[in-house]
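Because the structure is predicted, anything quoted here is derived from the model rather than measured.
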Amino acid sequence: MGRVSFAGDSQRQTASAQEPRVMPESMSFNRALVEKYDRPGPRYTSYPTAPQFHGAFAADDYRAAAQRSNQSSSNQSNLEHPAKPLSVYIHIPFCKSLCYYCACNKIITQKTHRAVEYLDYLKREIAMQAELFDRSRKLTQLHLGGGTPTYLTSEQLGDLMDSLREHFNLDESDAHEFSIEVDPRTISRERIAELRAQGFNRLSFGVQDFDEQVQEAVNRVQSEQQVFDLVAAAREAKFKSVSVDLIYGLPLQTVASFDTTLAKIIALRPDRIAAYSYAHLPERVRAQRLIRREDMPPPERKLELLELTIRRLTAAGYVYIGMDHFALPDDELTVARANGSLQRNFQGYSTHADCDLIALGVSSISKVGDTYGQNVKELSQYYARLNEGLLPVHKGYRLTDDDCLRREVISALMCHGRVDYAPLEQSHGIRFAEYFSDALQQLREQVGDGLIELHDDALVLLPQGQLMMRSVAMAFDAYLGGGQQERFSRTI
């Protein structure tokens, strides 16, 4: 297949990319190219990204966005086009102990009564948010993150679910996607069964590494037997998906030690595996200053660990979904990736249609219609806003037409590994090659390095470019100038 010519080429080629809208099944690891493109850049859980959010966007703007979304949804509310569904994210900020690597918004406390108070305010916010959205819109997607969601007792979590059921139209079929992040140190086999009875059908276990020395270096000691027992309990309880989180690049990790961890994870056979690159930024993340500098692996070690992870997981039959995520061939993520229905949001990849995302709790970020809205980050501010009867949204962003177009391009690239021009040209009234001429010019280097192919009708990510998809997406980001790029972690 030929490539599209750039300005200055003597002849315009007419090659097309009329192939199935799927990413290549294989992927390639080229150490030199990985090192070359390992630059700081966004993860694109949103576009525009959080640095563009501003205080001029407030609760009134969020309410207006919800109203527009309801109107749009009501226009489609019939048997063929049901009202646009809803997704809810709830942030539980509490943890009983500090994991030194963690950069999340969390509160370390053994005082469990603080969760009682927080739950009371969460229920207030649930009621206020639910009033903004038409009752006909089903809540099909729910995710609890943290912090440690299982910091809440079973009774408290049941109370939270009851509040959601009271105020929202929950999809009670098992087709919903209700997930919760689990710290294995905080939960029992019996609690796993209780989570299933409360409506959750997906679990994500934080493992990070099984090596005891690594666990001690990051202050997160947990036995592998705990994890194996809990995963077995999840299977017995008929959870539809079990995911495990790993982190490579942690202190004291070696290729040999992480290979042992990977072997144990492969034996465990979770449905999904997320292998995240550890970003060591002690100047920004106070907890990371507790990690001894001499324990940190050299930069080349991370690439060795990444290469090992890809080789071991793909050899074991896992499919690379993109952005750190692997899944079994029959998993819903893999199927969605193949049929073109894969989505991406603040929680990562999803199989559900593009929902309006309502975020509850401190620091959480909503996506409603053409807007993003972020709640206050401090607990005291969160309580104060709700005591005044105000939504705790304190900043956000409303997308322009250009933002919406670029968001679609970046999403297509990261979910499907290709960008087909015709649908974008039809829906936005543009000619892709003209509108994005600067971006396509920037991508000449990636074309030459074999990361992508540019055709007259599509941009296609090649197997060698899958690990570098963030750097490709950055060419379509209109906000990366002025040194803003340095605010992000490295892309690989």
Just by distance, with hydrogens left out, do [X] and [Y] show a side-chain donor and acceptor under 3.5 Å apart?
X    : Y    : answer
E177 : H143 : no
Q208 : Y278 : no
D209 : T261 : yes
Q156 : Y118 : no
K96  : T148 : no
D403 : Q52  : no

Exercise. Assign the ring pair H325 / Y349 to parallel, tilted or perpendicular, where the plane angle (0 to 90°) is split at 30° and 60°.
Key: perpendicular
Quiz item: Does R407 count as lying over the ring of Y44, i.e. NZ or CZ under 6.0 Å from the six-ring centre, within 45 degrees of the axis?
Solution: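 No; the conditions do not both hold, so R407 does not lie above the ring face of Y44.
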Self-check item: Polar side-chain atom of Q288 near backbone of A279 as donor-acceptor pair, under 3.5 Å
Solution: yes
Self-check item: Backbone N/O of Q253 and side chain of R301: donor-acceptor pair under 3.5 Å
Solution: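 Yes, because the side chain of R301 sits within donor-acceptor range (under 3.5 Å) of the backbone of Q253.
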Quiz item: After noting the C-alpha distance and the side-chain angles of E172 and R165, does the key distance pass the salt bridge (charged side-chain N to carboxylate O under 4.0 Å, His left out) rule?
Solution: CA-CA 9 Å; E172 299 289 5; R165 288 189 170 92; 2.8 Å; yes
Self-check item: Aromatic contact, F94 with Y151 (centres under 6.0 Å)
Solution: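 Judged by ring-centre distance (under 6.0 Å), F94 and Y151 do meet the cut-off.
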Quiz item: Going through the distances and angles, do D174 and K238 end up as a salt bridge (charged side-chain N to carboxylate O under 4.0 Å, His left out)?
Solution: CA-CA 11 Å; D174 210 34; K238 308 295 185 187; over 6 Å; no
